[in-house]
Amino acid sequence: MQKPVNSRLLENSMLNAEVKEGEILPPTIQRLMKGYNKYLRPFFDNGPVTVGMSLDIASIDTISEINMDYTATIFLRQRWTDERLVFEGNKSLSLDGRLVELLWVPDTFIVDSKKSFLHDITVENRLIRIFPNGTVLYALRITTTVACNMDLTKYPMDKQTCTLQLESWGYNVNDVMFYWTRGNESVSGLDTLQLAQYTVEDHYTSVSEAVYETGNYPKLVFHFELKRSILYFILETYVPSSLLVVLSWVSFWISLSSVPARICIGVTTVLTMTTLMMGARTSLPNANCFIKAIDVYLGICFSFIFGALIEYAVAHFCTLTHADAHMLMYTHHMHEFDDEMNGIVTTISSHANRVKRRKEPAATPTPAPTSLELTVNPSSPSGSEPKPEASPPEPTNRCLTVLATIRKVLSYIYCCHVENPHHIDNYSRVTFPLSFVMVNLLYWTYYLYF
């Protein structure tokens with residue numbers, strides 16, 4: 001069985017064979033390649049090789065908050081001078097991209113790159129152009145996924161600054177130096193870039209050195225600032241959550257006696273708000289401990305909705321307590337009224353008996369021995385006139401009075417000194433909307449301007 005052959009090795013071997021035979025290279029390139037060693041960097045006055053770079057951002061495909069990275073397709077162009085490639089003439093030579101295997105090229109890599117690949121349809125997207133003075137232009141089309149540290153505390157009103165860093169892998173600053181060919185204008189394509197949730201506000205370039213244990217290496221950094229578009233989140237999250245809060249206020253206009261209606265509105269709005277909060281977190285990272293702006297707003301809305309449900313529970317409890325206290329006081333007053341009526345009837349009966357007894361001695365003579373009884377002071381306790389005695393208070397009436405007093409005090413405490421529990425709904429109709437408006441003003445002022 002014939003063993004499979006690596007296509008890249010086969011291609012390189014064929015290319016080297018063709019180069020040796022001189023079948024594909026013109027005479028100028030054959031002279032340049034004679035004695036050329038691609039494993040040695042160009043030497044320019046025994047100093048480092050200066051490599052100028054420029055970028056063209058073709059697209060930024062995705063920006064992921066969960067993975068904290070972005071995927072972009074870029075055209076990377078590198079320029080350097082190699083005195084070994086100087087030739088006579090006034091025109092540049094554009095070579096096949098596969099001939100890059102015959103030349104020395106900088107070992108540039110993308111820092112913080114998670115995944116990158118070079119496009120190869122229909123052939124590898126590489127360009128080699130040599131100028132008469134020995135300048136080499138090397139261009140690549142790369143798609144890369146680069147990490148971007150994001151601060152999501154103000155999400156979705158946040159601004160993120162991401163970078164694209166280019167470094168030399170093996171050559172330090174004594175061998176290779178990087179620079180931007182045209183400063184901040186070395187990067188193009190962002191002005192016409194269209195992103196789904198972001199707009200590019202600013203971008204700039206910088207030159208620095210990367211310090212490692214093995215030495216200092218040249219480094220180029222491209223910074224670009226992204227501002228998130230909040231309109232999508234206003235329509236998707238902020239407006240529905242605000243409408244749920246307003247919907248919970250409808251219960252304030254429903255009678256306290258309509259228990260099923262008010263409980264249904266309260267529980268439904270709470271559950272819907274919970275579902276909305278869970279859906280808003282699905283597209284956000286859960287590993288870190290960011291308290292995002294959208295979490296704060298959803299928490300505020302949930303608190304107002306839950307507060308409306310608690311308001312009905314308090315108002316309904318105060319209604320029951322208020323009704324029981326009124327019933328106990330009514331019963332107590334009825335008992336007192338009965339006692340007063342009984343006392344009046346007893347007094348009238350006693351007065352009638354005294355009048356009747358006073359009339360009986362004047363109509364019929366009494367014997368002498370009984371006259372001694374008439375000399376007794378009628379006001380004395382031993383006299384014939386009975387003295388009405390106050391009946392002791394009944395224990396039941398006293399207990400009812402104490403119980404009614406205690407419940408009345410508790411009703412004052414629970415109802416915040418509102419004698420009529422129906423006034424709680426009246427107060428809530430004003431306090432809840434005003435509080436929600438004030439909290440919204442503070443929220444938007446803080447997250448938009450601070």
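- Under the ring-ring contact (aromatic ring centres under 6.0 Å, His included) criterion, F224 pairs with Y70, F222, sequence neighbours left out.
- The line from OG1 of T161 to CE of M150 is 10.5 Å long, rounded to the nearest 0.5 Å.
- Partners of Y171 by side chain to side chain donor-acceptor pair (under 3.5 Å), not counting sequence neighbours, listed by chain and number: W104.
- Rounding to the nearest 0.5 angstrom, the gap separating the CG atom in L298 from the CD1 atom in I305 is 9.5 Å.
- Taking the side chain to side chain donor-acceptor pair (under 3.5 Å) definition, one finds that Y238 meets it with Y443, sequence neighbours left out.
- Judged by distance alone, with hydrogens and angles left aside, the side-chain atoms of S64 form a donor-acceptor pair with the main-chain N or O of N67 at under 3.5 Å.
- Between V207 and F178 there is no side-chain heavy-atom pair separated by less than 4.5 Å.
- Put simply, CG on L220 and CD on Q165 are 10.0 Å apart, with the number rounded to the nearest 0.5 Å.
- The stretch residues 107-123 participates, sequence neighbours left out, in these salt bridge (charged side-chain N to carboxylate O under 4.0 Å, His left out) pairs: D69-K114.
- Contact check for F75 versus I57: no side-chain heavy atoms found under the 4.5 Å cut-off.
- When atom types are taken as modelled, the side chain of N125 and the backbone of V123 share a donor-acceptor pair closer than 3.5 angstrom.
- Note on residues 165-265: no pairs pass disulfide bond (SG atoms under 2.5 Å apart), not counting sequence neighbours.
- Judged as a side-chain hydrogen bond (donor to acceptor under 3.5 Å, both in side chains), the pairs with a partner in residues 244-255 (not counting sequence neighbours) are, in order, S255-S257.
- With sequence neighbours excluded, the residues that form a side chain to side chain donor-acceptor pair (under 3.5 Å) with Y212 are E167.
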Please test F233 against R228 for side-chain contact (heavy atoms from CB on, under 4.5 Å), starting from the C-alpha separation and ending with a verdict.
CA-CA 10 Å; F233 297 93; R228 194 184 306 272; 3.5 Å; yes
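- With a 6.0 Å radius and a threshold of 12 heavy atoms from other residues, nucleotides or ligands, N149 has its CG atom at or below the threshold.
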side-chain contact (heavy atoms from CB on, under 4.5 Å) between L193 and I60, worked out
CA-CA 8 Å; L193 200 61; I60 297 181; 3.6 Å; yes
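- The two residues Y198 and L226 come nearest to each other via the heavy atoms CD2-CB, 3.6 Å.
- Screening residues 143-181 for disulfide bond (SG atoms under 2.5 Å apart) gives C148-C162 as the qualifying pairs, with residues at least two apart or on separate chains.
- Annotation: side chain of L137 is not in contact with side chain of I128 (no heavy-atom distance under 4.5 Å).
- Between I110 atom CD1 and T163 atom OG1 the span is 11.5 Å, to the nearest 0.5 Å.
- Evaluation of the side chain to side chain donor-acceptor pair (under 3.5 Å) rule for R182 yields no partner, not counting sequence neighbours.
- Inter-residue side-chain proximity for V176 and P48 is flagged as unmet; no heavy-atom pair is nearer than 4.5 Å.
- By the 30° and 60° cut-offs, the orientation of the rings of F306 relative to F302 is parallel.
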Could you go through T431 and L434, starting from their C-alpha distance and side-chain angles, then the distance that decides it, and tell me whether this counts as side-chain contact (heavy atoms from CB on, under 4.5 Å)?
CA-CA 5 Å; T431 56; L434 288 180; 6.0 Å; no
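- Counting only residues at least two apart or on different chains, no salt bridge (charged side-chain N to carboxylate O under 4.0 Å, His left out) pair has a member in residues 233-245.
- Side-chain contact between P240 and L276: present, with at least one pair of heavy atoms (C-beta onward) separated by less than 4.5 Å.
- Two residues are said to be in side-chain contact when any heavy atoms from C-beta on lie closer than 4.5 Å; C301 and M273 meet this criterion.
- Side chains of H119 and T143: a donor on one and an acceptor on the other come within 3.5 Å.
- Side-chain atoms of T205 and H223 include no donor-acceptor pair closer than 3.5 Å.
- Annotation: the span from D96 atom CG to E101 atom CD amounts to 11.0 Å, rounded to 0.5 Å.
- Contact of the V259 side chain with the H316 side chain is registered, since non-hydrogen atoms from C-beta on lie closer than 4.5 Å.
- Counting only residues at least two apart or on different chains, the side-chain hydrogen bond (donor to acceptor under 3.5 Å, both in side chains) pairs with a member in residues 294-308 are S242-Y297, K292-D295, Y297-N440.
- Within the structure, salt bridge (charged side-chain N to carboxylate O under 4.0 Å, His left out) pairs that include any residue of residues 258-271 comprise R262-E311, R262-D425 (at least two apart or interchain).
- When all heavy atoms of F432 and A308 are compared, the closest pair comes out as CE2-N, 3.7 Å.
- L441 approaches T445 most closely through the heavy-atom pair O-OG1, 2.6 Å.
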Which is it for T108 and Q78 under the side-chain contact (heavy atoms from CB on, under 4.5 Å) test, yes or no, and what are the steps along the way?
CA-CA 9 Å; T108 307; Q78 305 177 81; 2.7 Å; yes
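- Heavy atoms of other residues, nucleotides or ligands lying less than 6.0 angstrom from CZ of R77 number more than 12.
- Side chain of T135 to main chain of F131: no donor-acceptor pair is present (N/O by atom type, distance under 3.5 Å, no hydrogens or angles).
- Side-chain contact, T144 with S116: a donor N or O sits under 3.5 Å from an acceptor N or O.
- Taking CZ of R126 as the start and CG of L95 as the end, the distance is 12.5 Å to the nearest 0.5 Å.
- A salt bridge links E201 to K159: at least one charged side-chain nitrogen sits closer than 4.0 Å to a carboxylate oxygen.
- Scanning all heavy atoms of the two residues, the minimum distance from L103 to K38 falls at C-CB, 3.8 Å.
- Pairing each heavy atom of V187 with each of H203, the nearest pair is O-CE1, 4.2 Å.
- The two residues I294 and A280 have their closest heavy-atom pair at CD1-CB, 4.4 Å.
- In this structure, S113 contributes its side chain and F109 its backbone to no donor-acceptor pair below 3.5 Å.
- More than 12 heavy atoms of other residues, nucleotides or ligands lie within 6.0 Å of NZ in K219, so this atom counts as buried by the packing criterion.
- Between the side chain of W180 and the backbone N or O of S206 there is at least one donor-acceptor pair closer than 3.5 Å.
- Looking only at side-chain heavy atoms (C-beta outward), D175 and V49 stay at 4.5 Å or farther from each other.
- Between S92 and R129, the side chains place no donor N or O within less than 3.5 Å of an acceptor N or O (distance only, hydrogens not considered).
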